[in-house]
Amino acid sequence: LKEPFVHYLVTGAIRWLMQDKPTFSDSPQPPGTVFPDAHSMLINPATQTLEHWKYASMLINIIRAADGDDEFTVTRDNWNDGTKTQKSTAATMWESARTRISMFVSSERDIFDTVYQDLAQSYSDVENIRNPHAPRAFPDSDDVLIAIGEISRNLNLRVLNGNTDDRLQYDIRSTDSGESKIPEDVYTIAIGGNNLGRGITLSGLCTTLFLTNRGADDTDVQKQRWFGYRGSHLEFVKVYCPTYVWQSNHPSTHEGLREK
């Protein structure tokens, strides 16, 4: 989970820098304000909801471990114990954890360097085709580290299953006075199973941790809609998939679908 998470953070920081650092402010803005492009990570564990809570716990705890904190276990109960005026226990823990993301990245500098170098090469490969005569500069690693600290305060964590009311909201919101508000989900990590096989498209999906063995053919086809169109940020897209899962989902098992 550490490398996919670092990949998500680094790509998010780079995309924000290359967009000239648009505001993350939740206050109303003048019409036409440019907000950060959507940037998503998908964690797709087994279909059992216990696995969803497990990976939400793992994500929080790898961050907390960098500061020597005790582990926290996310459950259905503490994810949903919030009120209209108070965030849930798990949501409060996530807000606390995300303030320490810079510390986590610093503690995993080897992973950061590997991810950054791979992305620099991927960017160069794509940019030399997209803009061969005037390729855009790739952000410096020190600037990326600083930017991670800026974007981290705005990361949402969503668990999408039948036990939560979480929904992905990528649309710009409008106020009664005609001003614009940033979408609820700009930089979001989504964890889910079957509910993500229902034709959902994750805007700005760059990092996927795919851990689900092959299911029914119609569900597998629906899952392809997660990806949407990636032409504008193809160089930042990566799927992490263990060998045993890849073999279960290998295209060789889909001859009938290809023929159709």
Side-chain angles (χ1 to χ4, degrees), residues 1-19 36-45 54-66 94 97-98 100-127 136 138-159 168 185-192 196 201-212 223 226-243 245-246 249:
L1 183 57
K2 287 183 178 179
E3 184 175 335
F5 183 44
V6 171
H7 180 273
Y8 173 71
L9 295 171
V10 175
T11 52
I14 292 171
R15 296 184 67 204
W16 183 66
L17 288 170
M18 298 191 73
Q19 204 184 348
D37 291 335
H39 182 66
S40 301
M41 176 179 179
L42 167 65
I43 302 175
N44 183 231
K54 170 186 170 182
Y55 276 89
S57 302
M58 288 172 61
L59 184 60
I60 290 174
N61 287 326
I62 63 173
I63 301 169
R64 287 169 56 83
W94 169 249
R98 69 186 185 184
R100 310 175 198 185
I101 286 176
S102 289
M103 185 182 300
F104 159 74
V105 174
S106 295
S107 71
E108 302 293 341
R109 187 58 192 253
D110 288 346
I111 296 177
F112 170 85
D113 289 340
T114 298
V115 168
Y116 176 83
Q117 291 164 12
D118 287 347
L119 286 167
Q121 183 61 56
S122 175
Y123 178 82
S124 176
D125 292 342
V126 173
E127 190 68 4
R136 296 170 295 170
F138 193 70
D140 179 84
S141 61
D142 289 340
D143 292 335
V144 173
L145 283 170
I146 294 171
I148 286 175
E150 295 293 325
I151 68 171
S152 296
R153 297 191 294 269
N154 303 282
L155 300 185
N156 286 332
L157 178 62
R158 306 288 192 198
V159 178
L168 298 174
D185 290 287
V186 179
Y187 276 40
T188 298
I189 301 169
I191 303 174
L196 288 171
T201 296
L202 283 80
S203 296
L205 179 60
C206 283
T207 310
T208 300
L209 179 57
F210 188 74
L211 302 167
T212 303
K223 286 178 180 178
W226 290 341
F227 297 97
Y229 177 67
R230 301 286 173 247
S232 62
H233 57 275
L234 181 63
E235 59 270 47
F236 301 125
V237 174
K238 187 164 186 174
V239 178
Y240 291 86
C241 181
T243 300
V245 175
W246 168 250
N249 290 275

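Only a predicted model underlies this, so the values are computations on that prediction, with no experimental measurement involved.
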Calculate, to the nearest 0.5 Å, the distance between atoms [atom1] and [atom2] belonging to [X] and [Y] respectively.
X: Tyr116; Y: Leu145; atom1: OH; atom2: CG; answer: 9.5 Å
X: Asp143; Y: Ile14; atom1: CG; atom2: CD1; answer: 10.5 Å
X: Ile43; Y: Arg158; atom1: CD1; atom2: CZ; answer: 14.5 Å

Provide the closest heavy-atom pair for [X] versus [Y] in the form atom of the first, atom of the second, distance.
X: Thr11; Y: Cys206; value: OG1-CB, 4.2 Å
X: Phe210; Y: Asn44; value: CE1-OD1, 3.4 Å
X: Met18; Y: Pro139; value: CG-CG, 3.9 Å
X: Ile151; Y: Ala13; value: CD1-N, 3.6 Å
X: Tyr187; Y: Gly12; value: OH-O, 2.9 Å
X: Ile101; Y: Ser152; value: CG2-OG, 3.2 Å

Does either side chain, that of Asp125 or that of Gln121, offer a donor lying less than 3.5 Å from an acceptor on the other one? yes

Geometric class of the Phe236/Tyr123 ring pair [parallel <30°, tilted 30-60°, perpendicular >60°]: parallel

Test side-chain hydrogen bond (donor to acceptor under 3.5 Å, both in side chains) applied to Thr207 and His39, Lys238, His7, Glu3, the passing residue: His7

For the residue pair Tyr8 and Tyr240, is the inter-centroid distance of their aromatic rings smaller than 6.0 Å? no

Any non-hydrogen side-chain atom of Ile63 less than 4.5 Å from a side-chain atom of Trp94? yes

